[in-house]
Structures are given as C-alpha cells and as structure tokens.
Number of protein chains: 2
Amino acid sequence: MKYPKALENLIKELASLPSVGPKTAERYAFYLLRQNEDSLNRFAKSLAELKGNILVCSQCLAISETNPCPICADLKRQREALCIVENIQDLIAIESTGQYQGLYFVLGGLISMIDKVGPESINIKRLENRINKGGIKEMILALNFNLEGETTAIYLNKLFKDNVRITHLAKGLSAGSDLEYADQVTLKNAFKYRNEIK
Amino acid sequence: MKYPKALENLIKELASLPSVGPKTAERYAFYLLRQNEDSLNRFAKSLAELKGNILVCSQCLAISETNPCPICADLKRQREALCIVENIQDLIAIESTGQYQGLYFVLGGLISMIDKVGPESINIKRLENRINKGGIKEMILALNFNLEGETTAIYLNKLFKDNVRITHLAKGLSAGSDLEYADQVTLKNAFKYRNEIK
C-alpha cells in the first residue's frame with residue numbers, strides 16, 4: 001500500500017523545494033491535509049498567480065508589481081547614488097534600515113569561480129548601459145562579504161572606477177559581537193578600519 | 001519597499017507550514033519564482049485537488065483513494081489479526097517491511113496527558129465497535145515507544161484484554177546500535193527480553 005495518489009503528487013511537489021527531503025515533504029503534506037478546502041485553494045491560488053503579477057523593473061532589474069518599481073519612480077530619491085545589490089532580498093534589507101535614499105541596481109547573482117558564474121551570466125552589461133547613460137556619481141557596492149561578493153566587487157571596481165566613485169560597505173564587528181568569538185578576518189578589518197569615537 | 005503582493009501572499013502561505021519561519025518561506029518562494037508557469041500550476045493543482053481525491057476507509061480509518069482501502073478489501077490478508085497504528089505513516093512503514101499480512105486500524109492519535117488528548121479524542125470508540133463485530137483474535141499494538149504510546153497501550157490492554165489476545169512490538173536494540181551509546185531503557189529491555197540464538 002502507498003499513499004493515495006493525490007497525496008503522493010503533493011509530496012512530490014513539496015519535495016522539490018530547496019533543502020526539503022521526502023520526510024519533510026510528507027510532514028508538510030499531512031499538515032496541509034488537515035487544513036480546510038478554502039485554505040488549500042488560497043495556497044493554490046497564490047502559486048498559480050505568482051508569475052502573472054510580478055514584473056521586473058527595467059531600470060533597477062528588481063522584481064516589482066509595477067515597471068518602473070516604486071523606488072525608481074520616486075522622484076524624491078537621490079538619483080546620483082546607485083547601490084549595487086545581488087538580489088531583491090538584499091535590497092529590501094537595506095531599505096528596511098531607512099539609511100539610504102538613493103537608487104538601486106540588482107545584479108541577479110555574483111561572480112563565482114566555483115559555480116562557474118562569469119560576469120556575462122549576471123546583469124553587468126545592463127549595469128554598464130545604466131552607467132553610460134550618465135547621472136550616477138557614486139556606486140555603492142552592497143555585496144556579501146564572502147569570496148563571491150569580493151570577487152564581484154573587484155571586477156566592478158576595475159570596470160567602473162574611471163567613471164564613478166566606487167565605495168563598499170564598512171567592514172568590522174557586527175552588532176552584538178563578542179571579541180572572543182569574532183573570526184580573524186573580521187577582527188583584522190575591525191582594527192584596520194578603526195575610527196574616532198564621535 | 002516591500003515584496004510584490006503576489007510574492008508576499010505566497011510567502012505567507014508557505015510560512016504556515018509546520019516549522020517553516022518567514023526566512024525559510026522566503027527561500028521557498030524565491031525558488032518557486034524561478035520555476036516556470038507549468039510547474040507552479042502543477043503544484044497549485046496538487047494542492048487544490050488534495051482533499052477531493054482522498055477518502056477515509058470506513059473499516060480501518062486510513063486515508064485512501066478507495067473505500068474500503070486496498071488492504072481491507074484484500075481477501076488474501078489474514079483477517080484475524082488487527083494491527084493498531086497511530087497514523088497512516090506508521091501503517092505504510094509496517095507495510096514496507098512485508099512482514100505483516102493482517103489488517104490495520106488507525107487510531108488517529110495517542111492518549112497524551114500533556115497535550116490533553118483523552119481516549120475520547122481518538123478512534124477508540126470505533127475500535128470497540130470493530131472488535132465487538134467479532135472475528136479479530138489478535139490485536140498487535142504497533143505504537144511509538146514513548147510516554148504517549150505506552151499510555152495508549154496500557155489503556156487498550158485494559159479495555160480489550162478479556163476479548164482478544166493483545167501483543168505489542170518487541171523492545172530491544174535497534175539495527176546498528178552501539179551498546180556504549182544505547183540508552184538505559186533500551187538496554188534494560190534488551191536484557192529483559194533476551195532470547196535464544198536461532
């Protein structure tokens with residue numbers, strides 16, 4: 001005996017989610033089986049309507065309900081600063097700080113030797129067009145502080161340093177850091193970029 | 001700026017799955033966003049059609065595509081043995097061993113003092129009706145070896161011991177057990193139920 005076909009189908013779909021194995025998929029499916037028909041239909045609708053209601057902003061390449069996206073369309077934003085992010089998640093994280101008033105550009109990935117992602121696989125050509133249109137004075141690289149992020153930053157710096165001012169996010173101790181447990185690279189950076197107490 | 005509404009909706013639905021937090025839901029949603037329309041529709045369909053195609057077998061109370069389920073309908077199965085399981089997952093686990101040829105009964109839960117699940121909250125009334133119909137000679141309790149499983153076993157034993165022979169699964173070392181790391185209860189049981197080498 002096996003599970004009913006309808007349940008098997010759902011388990012198969014759930015197991016395709018990232019890092020969800022057959023056992024977890026089963027647990028999700030049994031949870032869903034206990035929900036009422038309305039909840040399941042609402043979930044089904046949210047899946048079926050996902051793609052149809054999402055556009056890509058032609059200016060910053062972020063996903064959005066509108067094109068241009070609310071940020072690119074907002075005339076009150078500082079239009080001379082362009083913050084380069086890997087993806088929309090990073091963009092939203094930065095927006096939620098309320099610290100930045102400029103525009104964004106979504107790379108859609110980072111250069112990675114290991115995963116064989118070259119500059120041509122991400123939106124660097126589109127970024128060049130964006131810079132060539134003029135108007136941007138500072139490019140802020142807000143990329144992950146890891147091998148891929150650093151590689152991409154070095155590449156972008158080489159490519160654009162003659163046209164715009166390029167900065168990147170500060171490196172140092174995270175909030176709540178315990179010196180004793182900070183890794184060597186972080187500690188080294190924290191020392192190197194130490195600054196006056198204001 | 002927030003995520004587009006369609007994406008927010010999906011994240012909310014995914015976050016309702018057991019032990020899925022907002023961050024995991026986001027990761028699932030972004031994975032789904034990269035899939036094509038066909039896959040999403042297939043997933044949506046499997047959700048929408050889940051309930052409609054699943055019945056409960058009126059004899060063993062297992063979920064099934066048919067009523068009675070294939071096991072209860074199978075005349076070649078030994079009809080004098082009834083294996084009591086908590087849920088369909090346990091039933092399928094036992095079936096997959098190929099060791100058991102009798103019938104099943106799904107309790108739909110275990111008695112739990114902590115979670116306030118009494119005998120009336122699970123299918124014990126239905127089990128009494130099943131036993132009273134006659135024909136069952138052995139009731140095999142295949143319940144979890146934990147507080148809830150043991151409580152339920154004691155309760156069922158009291159209730160039915162005058163009508164049928166009641167057995168439960170053997171207790172001892174699991175396959176691959178390392179004596180050194182076996183817990184005391186397991187080791188105690190392994191000693192207590194030691195048997196001749198055949």
Side-chain angles (χ1 to χ4, degrees), chain A residues 1-14 16-20 23-37 39-55 62-66 69-72 74 87-89 91-92 94-96 104, chain B residues 1-14 16-20 23-37 39-55 62-66 69-72 74 87-89 91-92 94-96 104:
Chain A
M1 171 139 161
K2 281 183 182 170
Y3 292 128
K5 191 96 187 94
L7 191 61
E8 285 281 357
N9 285 345
L10 182 59
I11 293 173
K12 217 179 86 192
E13 295 296 341
L14 289 165
S16 74
L17 292 171
S19 72
V20 173
K23 274 285 160 199
T24 306
E26 250 182 63
R27 201 154 59 91
Y28 291 170
F30 277 101
Y31 167 83
L32 289 166
L33 195 57
R34 288 195 302 274
Q35 307 310 303
N36 63 35
E37 199 99 25
S39 318
L40 292 176
N41 285 333
R42 206 178 52 228
F43 194 166
K45 198 164 157 252
S46 73
L47 275 163
E49 292 181 353
L50 180 63
K51 291 279 203 176
N53 294 313
I54 291 182
L55 302 170
I63 53 167
S64 166
E65 281 161 74
T66 52
C69 74
I71 293 177
C72 290
D74 184 353
N87 53 36
I88 177 97
Q89 291 99 308
L91 186 162
I92 301 236
I94 294 169
E95 272 301 282
S96 70
Y104 290 93
Chain B
M1 171 138 162
K2 280 184 182 170
Y3 292 129
K5 191 95 187 93
L7 191 60
E8 285 282 356
N9 286 344
L10 182 60
I11 292 173
K12 217 178 86 192
E13 295 297 339
L14 289 165
S16 74
L17 293 171
S19 73
V20 174
K23 273 285 159 199
T24 306
E26 250 182 62
R27 200 155 57 93
Y28 291 170
F30 276 101
Y31 167 83
L32 289 166
L33 194 57
R34 288 196 301 275
Q35 306 311 302
N36 62 34
E37 199 98 24
S39 318
L40 292 176
N41 285 333
R42 207 178 51 228
F43 194 166
K45 197 162 158 255
S46 72
L47 276 163
E49 292 180 354
L50 180 63
K51 292 278 204 175
N53 294 313
I54 291 183
L55 303 169
I63 54 167
S64 166
E65 280 160 76
T66 52
C69 74
I71 293 177
C72 290
D74 185 351
N87 53 36
I88 177 97
Q89 291 98 309
L91 186 161
I92 300 234
I94 295 168
E95 273 300 283
S96 71
Y104 289 93

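Both backbone and side-chain heavy atoms feed into the values below; hydrogens, waters and symmetry mates do not.
Here CG of B/L40 is found 9.0 Å from CD of A/E13. Values are rounded to the nearest 0.5 Å. Rounding to the nearest 0.5 Å gives a distance of 7.0 Å between CG of B/L14 and OG of A/S46. Atom NZ in A/K45 sits 14.0 Å away from atom CG in B/L47 (nearest 0.5 Å).
Residues A/F43 and B/L10 meet the side-chain proximity criterion, which asks for heavy atoms closer than 4.5 Å.
Both the backbone and the side chain of B/N9 come within contact range of chain A, each with at least one heavy atom under 4.5 Å from a heavy atom of that chain. For A/S39, the part sitting under 4.5 Å from any heavy atom of chain B is the backbone (N, CA, C, O) and nothing else.
Within the structure, side-chain hydrogen bond (donor to acceptor under 3.5 Å, both in side chains) contacts touching residues 24-33 of chain B (residues at least two apart or in different chains) are A/S19-B/R27, A/Y28-B/Y28, B/Y3-B/E26.
The backbone N or O of B/Q35 sits less than 3.5 Å from a side-chain atom of A/K51, completing a donor-acceptor pair.
Taking the charged nitrogens against the carboxylate oxygens, A/K5 and B/E65 have no contact shorter than 4.0 Å, which rules out a salt bridge.
Heavy-atom pairs under 4.5 Å with chain A were tallied for B/K12, B/R42, B/E49, B/E37; the largest tally goes to B/R42.
In this view, B/I54 and A/P4, A/A6, A/L7, A/L33, B/L50, B/I63 satisfy the side-chain contact (heavy atoms from CB on, under 4.5 Å) rule, not counting sequence neighbours.
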| request: List the steps, then state whether side-chain contact (heavy atoms from CB on, under 4.5 Å) holds for A/F30 with B/N87. | output: CA-CA 10 Å; A/F30 277 101; B/N87 53 36; over 6 Å; no
